[in-house]
Amino acid sequence: MVPLAPVNWDAYQADGVAALAAATDADAVEEARVRFLGRKAALPLALREVRDRETGMLLNTVRKAIEEAAAEAELRLAAAVAGRGLDFDPTEPASLHGGALPAGSLHPITQTRREIEDVFLGLGYEVIDGREVETTRYNFDALNFPDWHPARSPLASLFFDRDRLLRTETSPSQIRTMETRKPPIYMVSHGRVYRRDATDATHYPVFHQIEGLAIDRGLTLADLKGTLLHLMRALFGPQREVRFRTHYFPFTEPSMEPDVSCFLCDGKGCRVCKHSGWIEMGGSGMVDPKLFEFVGYDPEEYTGFAFGLGIERIVQLRHGVPDIRLLWHNDLRVLRQF
Amino acid sequence: MKVPVDWLRDYVPLEMPLDELAHRLAVTSCEVERVSRRGIPWENGNHDLFVVGHVLSAEKHPNADRLQLCKVDVGETEPAQIVCGAWNFGAGATVAVARPGATMPDGLVLERRKLRGEVSEGMILSERELELSQDHDGIMVLAAPGAADAPRPGTPLAELFALSEDILEVEVTGNRPDLLSVYGIAREVAALYGLPLAPPPGVAPSLSGDEKIAIDIQDAVGCPRYIGRVFRDVKVGPSPAWLKARVLGAGMRPISNIVDITNYVMVAFGSPLHAFDLDRLAEQRIVVRRAGAGEKMEILGGVEYTFDARDLLICDGAGPVAIAGIKGGEATGVTETTTNVLLEAANFEPHELLATSERLRLRTDGSNRWEKGVDPHAAGRAATLATQLIVELAGARWTGDNDVHQGLPGREVIALRPARTDAIIGVVTPPAQQTALLTSLGFDVAEGALTGPDFPGGAGQPTLSVTVPTWRARDIAREIDVVEEIARFQLDALPATLPARRELFGTLTEAQRLRRRVEDVLVGAGLAEAYTGTLTGHDPDPRALRLPDPLGGDQEVMRTRLLNGLVESAERNINVGTAGVALFEIARVYLPAPADGDLPDERWHVAGIVEGGYFRAKAVVELLLSAFRADWAFEPAADLGDLGQGARLRGRGAAADGGPAGGGPVGGTVSLLPAATLDGAWGTFEIDLPLLFAAVPGHTTYEDVVTFPSVKNDIAVVVDEGVASGDLLAAVREAGGPELGEAAVFDVYRGGQVSQGAKSVAISLSFRSPERTLADEDAAVHRARILKTLAERFGATLRG
């Protein structure tokens, strides 16, 4: 047996890796592989003679590094060949355009709407398509709006005549749903609603609302809070909290406005939450027994909760869109961001 | 409403940090928009540098004609020398002085400095410099020379009136007019923190006379109560500093003692008052009535209003003197020369008053309260406090009283089941705690009877008998309303739970699922989703629903098609230089109902617009149809009106309605937009989604296309130019029999050996049987049958 000449394995590894990195064709790769890893190369010979663990481990490291360099070289060359087939410059496979397929986009309102729908589908709710041209009966009377309520004024709402108007909230669909079936009801309804609002950065005479209604035996205000907490965490992150502030709506009693803890500053106070740590999200409450009377449910047997949120507001908050009008301009420079 | 915190402290001993108070009020009672501050900064003992000064001498400044050089006793051994620009005082006057080092409201720090060669040690202050008013005509004279009650020199000004105030700015919901008052807020704070609430302020002085002016209420619904009080020897003048500070703190401008008192009392109790100059009231009597049509009156500020029969007016013997609850008239208001006053403390019905206020576009601090419903009992408390202040601050004698009403409403008693409260809220509030909370809010609570046998929720449940305070009468009439009172104090303690479900449902409807797919297919085709307005300026359907009073001419008509909005959006994109515009929208259109007055048919449509012309649009539609496996045909349409030319889409249903391809109703259009509409070549489409979805095969059953290979066979036939390829294909499918798989036009050729006026249409066919491998002979049979049909129907000949 011929005693092996001592080898500097660090240099051996460096030479092998360098030779493979420099290879510009398959022959060069093969030549380097034979020279450093082939049957008669120094490394396999040495490995065969190894008797102690320390040397074995060292040699294996060297072998692994050279094998990886060989695989990388083969991949690189294969990509270059494939690239020629696809008719692009093989030297810049990552930075050049793949082709002319245009990318479409879902409007951010639709994206958020779908997310909310999916949250409630997951909670076992139905999605109900309401209608937009409504009667005062469904838009106001059945929702317990008193005769004098300001929303009934043509100064606040858009009327076609005495009896017909553009819905001012999505709630009429709740009445239409309740009229046609018995509890339990778990539904969300969304779509365009209309108000005679002056247009500014956060108001537009048309906007999208999403409204939920749950009616069952034994539902409580705490269930409403838990439901909204689940939604807010889905929309704004798992760390979010929800609080209620008392409020007044004709169709709920008690009525509350839900706030979500600010997702930007984590409740510490910032510009988005106006330094309060909380962001107003909409309206909610326990369904007023008057509504049950209207549709013939027994308020002693069933209780329910309802809530309504503005989708544009959620979109503006989540994506930092400063002006609601940007959501209606359909400027592709904007839409393609989403 | 602005609530000065010092004022609040008059009624409830609050000591908590204001931020915390603001948070808790916001949760239980009303929105707190901000905590702001008015007046002199108090930090670092700054208030100590504002003191009473006694002017010892005041002479012209030796080097300046318009300045005075004063020696002022500020309570120290040596008088201070102060240079002053005002001339409305002289030696002997008691004034307000800021010493060197004092920080003013605008942040300016006073220094001892020379003015025209004379040292000035501080500043003699005007009301504006103290943020007590806008008055900068002269300095503030605290007491005239020789006044017996003049404060001593050196007295801190803070002992005379509030130098600075923290102010809670609250916004109150429509059901809580009782919170539009400092006392009402104090009641909430007391209930929130378990603090004692001071009794309502105001102690009536004794009545020195029995003048009863006549009050004739002709509309007791509009005006259920009218208190008229007469005051004689009234000295109208500026209010004392404390009152000015209060009025300013509440966000109003001090005017005169009488007007300031009415405003102060309104803010204290939420029940607005009005003061008339009694001598200017014709016949010195009051009539409350609805206006005659066209009746007119000039209000303060010289603006004239015209009324109709719905407006409630306060009149004297000659005519209107005030719009009830909204605004007083110019001619009968209190002025500097007034000596006799009639104080009105009334009650007005909210809803007609709101309508009047909206019609006249006139909103005031008064109307804002009346329109929400003010407690009729509050008028009495307000009259008492105002009477006390008019006598004390304007040196008046109270000589007459008249309180006209037909009985004040009693208090509602409601049975509350404490267990019901818990069942609604979802947390347990022990009955004793419910009782304590309601009591602190002014309810009277007693042990109630058990629910009776007729009770819908079951007999034998314990109840509390809850008597509603008069100031909550409009809002609280049912058990659930009382439950809300408990609930709003439990909101921070509320756990987050989820409903326990016994039945589960919760899937999208088929139409909703398909709409999502339409969105996804079009996004995949490279279109961006757009949202355009429901209301437009013009619509192709002359019967489209119109708003009689639109927001603007371009938002008048309910659209019956989506494309117009997309064309506008495309144009906006072109104008900003965006290339490759491709947009779609899924939304509703509103097809007018056959009968006027019925609700329109709201149908979901999808529409799109793409740069690149008709065939780009058609490619998108074909992709959509094939994604849905919808068997629809295109039929030529030379004129689609403003959409240009293109094709209509029609289902291949059984019910033929005479269309060239037979089938169902027209479900949409694809068009080449006229070049004049937009620069470049643009294709559009619009499809009625319910019709499209009706054409979607509902259920897919596996068909064996794998076991036996298909036989492909192409044909090319020559037909007249006028024969549509689509019609040829339809006939091919009809004639092909069950073993015909796919059939598609792959080439149309003109010229060469094809004669003028004819074209060659090449169609690829494939035949397949689920039972056996077809032989070429089988395909030949089918092919011959197809060719025969084409020859019979279209005169088609097989091209060589």
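All heavy atoms count here, side chains included; hydrogens, waters and symmetry mates do not. Sequence lines set the chain letters: A, B, ... in the order given, protein chains first and strands last, and positions in each chain run from 1.
Looking at Leu327(A), the atoms closer than 4.5 Å to chain B (heavy atoms on both sides) all sit in the backbone: N, CA, C or O. Heavy-atom distances place no part of Phe338(A) under 4.5 Å from chain B, backbone and side chain included. Only the backbone of Ala103(A) comes within contact range of chain B, with heavy atoms under 4.5 Å apart. Heavy atoms of Ser255(A) lying under 4.5 Å from chain B belong to its backbone as well as its side chain. Looking at Arg113(A), the atoms closer than 4.5 Å to chain B (heavy atoms on both sides) all sit in the side chain, from C-beta outward. Only the side chain of Arg336(A) has a heavy atom closer than 4.5 Å to any heavy atom of chain B. Within the 4.5 angstrom heavy-atom criterion, atoms from both the backbone and the side chain of Thr227(A) approach chain B. Proximity to chain B is absent for every atom of His149(A), based on heavy atoms less than 4.5 angstrom apart. Heavy atoms of Leu219(A) lying under 4.5 Å from chain B belong to its backbone as well as its side chain. With a 4.5 Å cut-off on non-hydrogen atoms, Glu301(A) does not touch chain B at all. Residue Met187(A): no heavy atom, backbone or side chain, is found under 4.5 Å from chain B. Using a 4.5 Å cut-off between heavy atoms, Glu241(A) makes no contact with chain B at all. When heavy atoms are compared at a cutoff of 4.5 Å, Phe305(A) approaches chain B solely by way of its side chain, counted from C-beta outward. Looking at Leu106(A), the atoms closer than 4.5 Å to chain B (heavy atoms on both sides) sit in the backbone and in the side chain alike.
Between Asp520(B) and Arg114(A), at least one side-chain N (NZ, or NE/NH1/NH2) sits under 4.0 Å from a carboxylate O, which counts as a salt bridge. Salt bridge status for Arg515(B) with Asp129(A): present, with a side-chain N to carboxylate O gap under 4.0 Å. Under 4.0 Å is where a charged nitrogen must lie from a carboxylate oxygen, and between Arg196(A) and Asp549(B) at least one such pair does. Checked for salt-bridge contact, Arg192(A) and Glu602(B) miss the test: no charged N lies under 4.0 Å from a carboxylate O. The pair Asp161(A)-Arg546(B) fails the salt-bridge criterion, with no side-chain N (NZ, NE, NH1 or NH2) lying under 4.0 Å from an Asp/Glu carboxylate O. Between Glu33(B) and Lys274(A), none of the side-chain N atoms (NZ, or NE/NH1/NH2) sits under 4.0 Å from a carboxylate O, so this pair counts as no salt bridge.
With hydrogens and angles ignored, the 3.5 Å screen pairs no side-chain donor or acceptor of Thr173(B) with any backbone N or O of Tyr248(A). Using a distance-only test at 3.5 Å, with no hydrogens or angles considered, no donor-acceptor pair links the side chain of Arg588(B) to the main chain of Glu132(A). Between the side chain of Arg164(A) and the backbone N or O of Leu599(B), no donor-acceptor pair lies under 3.5 Å. The backbone N or O of Val127(A) lies less than 3.5 Å from a partner atom in the side chain of Gln512(B), making a donor-acceptor pair. Side-chain atoms of Lys225(A) come within 3.5 Å of backbone N or O of Leu494(B) as a donor-acceptor pair. Under the 3.5 Å distance criterion, the side-chain polar atoms of Arg245(A) are left unmatched by any main-chain donor or acceptor of Glu31(B).
Counting heavy atoms from C-beta on, the side chains of Arg502(B) and Pro184(A) never come closer than 4.5 Å. A 4.5 Å side-chain heavy-atom check between Arg131(A) and Pro600(B) finds at least one atom pair inside the cut-off. Within the 4.5 Å cutoff, the side chain of Ile109(A) has no heavy atoms near those of the Glu529(B) side chain. Contact of the Val27(B) side chain with the Thr246(A) side chain is not registered, since no non-hydrogen atoms from C-beta on lie closer than 4.5 Å. With contacts defined as side-chain heavy-atom distances shorter than 4.5 Å, the pair Glu503(B)/Tyr186(A) does not qualify. Within the 4.5 Å cutoff, no side-chain heavy atoms of Thr220(A) are placed close to those of Ile425(B). Pro254(A) has its side chain within reach of Ile424(B): a pair of non-hydrogen atoms, C-beta onward, lies under 4.5 Å apart. Side-chain contact check for Met558(B) versus Val133(A): some heavy-atom pair is nearer than 4.5 Å.
For the atom pair OG (Ser105(A)) and CG (Leu583(B)), the distance works out to 8.5 Å, reported to the nearest 0.5 Å. Separation of atoms CZ (Arg333(A)) and CG (Asn573(B)) is listed at 7.5 Å; rounding is to 0.5 Å. Leu121(A) CG to Phe505(B) CZ: the interatomic distance, rounded to the nearest 0.5 Å, is 12.0 Å. For the atom pair CG of Asp288(A) and CG of Asp481(B), the computed distance is 7.0 Å after rounding to the nearest 0.5 Å. With rounding to the nearest 0.5 Å, the separation of CG in Asn175(B) from CZ in Phe249(A) is 10.5 Å.
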Begin with the C-alpha distance, continue with both residues' side-chain angles, and end with the deciding distance and a verdict on side chain to side chain contact (heavy atoms under 4.5 Å, CB included) for Gln555(B) and Leu158(A). CA-CA 11 Å; Gln555(B) 296 183 47; Leu158(A) 293 160; over 6 Å; no
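When His247(A), His275(A), His230(A) are compared by the number of non-hydrogen pairs under 4.5 Å with chain B, His247(A) comes out ahead. Across Val206(A), Asp216(A), Thr199(A), the residue that shares the most heavy-atom pairs under 4.5 angstrom with chain B is Asp216(A). Among the candidates Leu332(A), Leu155(A), Leu228(A), the residue making the largest number of heavy-atom pairs closer than 4.5 Å to chain B is Leu332(A). Top candidate by heavy-atom pairs under 4.5 Å with chain B, chosen from Gly226(A), Ala222(A), Gly285(A), is Ala222(A). Comparing Glu126(A), Glu253(A), Arg243(A) by heavy-atom pairs within less than 4.5 Å of chain B, the highest count is held by Glu253(A).
Considering all non-hydrogen atoms of both residues, Trp328(A) and Thr532(B) come closest at CZ3-O, 3.5 Å. When all heavy atoms of Leu221(A) and Ala487(B) are compared, the closest pair comes out as CD2-CB, 4.1 Å.
Taking the six-membered ring where tryptophan is involved, the planes of Tyr531(B) and His107(A) are tilted, since the angle between them lies from 30° to 60°.
Atom CZ of Arg472(B) is surrounded by more than 12 heavy atoms from other residues, nucleotides or ligands within 6.0 Å.
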